[in-house]
Amino acid sequence: MTENRIRIDQEEVLSDNWYILRKYSYQYQRQDGATQQQVREVYDRGNGATILLYNLEQGTVILIRQFRLPTFLNGYHGFLIETCAGLLDEDDPETCIKRETEEETGFKVSHVRKVFDVFMSPGAVTERIHFFIGEYEHDSRSHVGGGLIEEGEEIEVLELEFDEALAMIDRGEIIDAKTIMLLQHLRLKNIL
Ligand SMILES: Nc1nc2c(ncn2[C@@H]2O[C@H](COP(=O)(O)OP(=O)(O)O[C@H]3O[C@H](CO)[C@@H](O)[C@H](O)[C@@H]3O)[C@@H](O)[C@H]2O)c(=O)[nH]1
Ligand SMILES: [Mg+2]
């Protein structure tokens, strides 16, 4: 598989509002050498970062709860439990996640560890999310968190026993992909 099997012929902006939705027309070369014209819509909202904060002594993790309209529209009550996360904007992933951690949870973290990065919805969205873990301490909390009121954020900070968070996946109470992946990562690598 090489890049030269793909030739972008046309790009049309369908919506350029908060983020950008484009329609692409491209030539796709199949494995037998035949070419095919294909059309796909792609949503570009930049890249993001997320972090699972954990405390080794207490055996706890920090998660957040906030309203997510797309989940509400798809039959859920909308108040999703997630790991802290944000869009990169102009920052590198590590700077972004440290900033988001303080904005959303109030904790200042100085050391974070990158674990992997992931395309979360590769059929439709360009976004690649950088995943981190990091230890938090109560005395490094500068405020109660909550996010930015002017951006409409109302973020509830939850401190949970790690085993309880894992049980919440089994009970269907945690249903966000990045959150499940990071909780399972801590267990798989015997970190907590
Ligand atoms: N007015 C307006 N505001 C928007 C719109 N879309 C997003 N916002 C606002 O833009 C801000 C983005 O906040 P961040 O904390 O930077 O991003 P996030 O929404 O938490 O996204 C993170 O999690 C996503 C879900 O897993 C990830 O997709 C993303 O990469 C990132 O990690 C939020 O205040 C959100 O309400 C929109 O269409 N209109
Ligand atoms: Mg966020």
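What you are looking at is a predicted structure, and each value in this text was computed from that prediction instead of being measured. Counting starts at 1 for both ligands and their atoms, in listed order. We're numbering straight along the sequence, starting at 1.
Among the atoms of G86, some N or O lies under 3.5 angstrom from an N or O of ligand 1. In terms of N/O distances under 3.5 Å, ligand 1 is not approached by E82.
Neither side chain, S121 nor E127, offers a donor N or O lying under 3.5 Å from an acceptor on the other. In the model, Q27 has no side-chain atom that pairs as donor or acceptor with a side-chain atom of Q36 under 3.5 Å. In the model, Q58 has a side-chain atom that pairs as donor or acceptor with a side-chain atom of E159 under 3.5 Å.
With salt bridges taken as basic N to acidic carboxylate O contacts below 4.0 Å, none links K98 and E102.
Among K178, R68, E100, E127, the residue whose heavy atom lies closest to atom 30 (O) of ligand 1 is E127.
Two rings, from Y54 and F162, have their centers 6.0 Å or more apart. Under the 6.0 Å cut-off for aromatic ring centres, H185 and F116 qualify, their centroids lying closer than that. Between F107 and H138, the gap from one ring centroid to the other is short of 6.0 Å.
Checking I64 against the Mg ion (ligand 2), every N/O/S atom stays at or beyond the 2.8 Å cut-off.
The closest approach between T50 and ligand 1 stays at or above 4.0 Å for every heavy atom of the residue. Remark: distances from the non-hydrogen atoms of G152 to ligand 1 are all 4.0 Å or more. By the 4.0 Å heavy-atom criterion, E103 is excluded from the residues contacting ligand 1.
The closest protein non-hydrogen atom to atom 13 (O) of ligand 1 is E153 OE2, 3.4 Å. The nearest heavy-atom contact from the protein to atom 11 (C) of ligand 1 is E151 OE1, 3.4 Å. Nearest to atom 8 (N) of ligand 1 among the protein's heavy atoms is W18 NE1, 3.5 Å.
Distance remark: protein heavy atom present below 4.0 angstrom from atom 37 (C) of ligand 1.
Restricting E104 to its N, O or S atoms, the one at the least distance from the Mg ion (ligand 2) is OE2.
By the criterion of a heavy-atom distance under 4.0 Å, neither the backbone nor the side chain of N17 is placed next to ligand 1.
Within 6.0 Å of CD in E156 there are more than 12 heavy atoms belonging to other residues, nucleotides or ligands.
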